[in-house]
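Below, all heavy atoms of this structure are taken into account, side chains as well, without hydrogens, waters or symmetry copies.
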Amino acid sequence: MKHGPEWLKEFYGGLRAFDASSWPMTCSDCGREFENNEDYVAKTAGMTDSTGLGNLQAEDGSQHVGLYRHCLCGNILVGRFKDRRDNSPEGEKAREQFDRLLEMLVQDGMDQDFAHDELLKLVRGEPNELVKIL
């Protein structure tokens, strides 16, 4: 699947910052600050040859999703996202966001079961097919 910039922007913007330690983020080259996921996506440029999504492993062994983007100064940055299942209001919002992203993939023609499984892997930072096909 090849997606236009608006679809990718909406999808990336929908990725919730599951790991609060990523924010705020500061570019080490120019000092530009990014307050949250939405700010990060809005104030950076996507990778030209890929979706920018990748798997990361933290020092504690936990898995994360990395969203690589270009700062306006040209430096490559990576935002970190992690799946955390909880029943708090924030956890509810995260599940609602997951459902919205799943709906986007299904409306784009992807099989719902496949999309669900691969999106779940993506937010957990596990190897997945979405990184290859989006």
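- For the atom pair Gln107 CD and Gln112 CD, the distance stands at 10.5 Å (nearest 0.5 Å).
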Stepwise side chain to side chain contact (heavy atoms under 4.5 Å, CB included) test for Leu130 and Leu105
CA-CA 10 Å; Leu130 294 179; Leu105 293 171; 4.0 Å; yes
Could you walk me through whether Asp29 and Cys71 pass side chain to side chain contact (heavy atoms under 4.5 Å, CB included), step by step?
CA-CA 9 Å; Asp29 283 2; Cys71 181; over 6 Å; no
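- Between Phe34 and Thr44, the shortest heavy-atom contact is CE2-CG2, 3.6 Å.
- For the atom pair CG of Leu119 and CE of Met104, the computed distance is 10.5 Å after rounding to the nearest 0.5 Å.
- Contact check on Lys121 versus Glu118 returns a salt bridge, with a Lys/Arg side-chain nitrogen under 4.0 Å from an Asp/Glu carboxylate oxygen.
- The two atoms that bring Ala115 and Met110 nearest to each other are CB-SD, 3.6 Å, heavy atoms only.
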Chi angles and distances behind the side chain to side chain contact (heavy atoms under 4.5 Å, CB included) call for Lys43, Leu72
CA-CA 7 Å; Lys43 294 179 179 176; Leu72 297 180; 5.6 Å; no
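- Distance OH/Tyr40 to CG/Leu67: 5.0 Å, rounded to 0.5 Å.
- Rounding to the nearest 0.5 Å places CZ of Arg95 at 14.5 Å from CG of Leu102.
- Put simply, CD on Glu129 and CZ on Phe114 are 5.5 Å apart, with the number rounded to the nearest 0.5 Å.
- For the pair Val78 and Gly66, the tightest heavy-atom approach, listed with the atom from each and the gap, is CG2-CA, 3.7 Å.
- Taking 4.5 Å as the limit, some side-chain heavy atom of His70 sits within range of a side-chain heavy atom of Ile76.
- Atom CE of Met25 and atom CZ of Arg32 lie 13.0 Å apart (nearest 0.5 Å).
- Contact detail for Glu33 and Thr26: the closest heavy-atom pair is CG-OG1, 3.5 Å.
- Among all heavy-atom pairs drawn from Cys30 and Cys27, the shortest one is N-SG, 3.6 Å.
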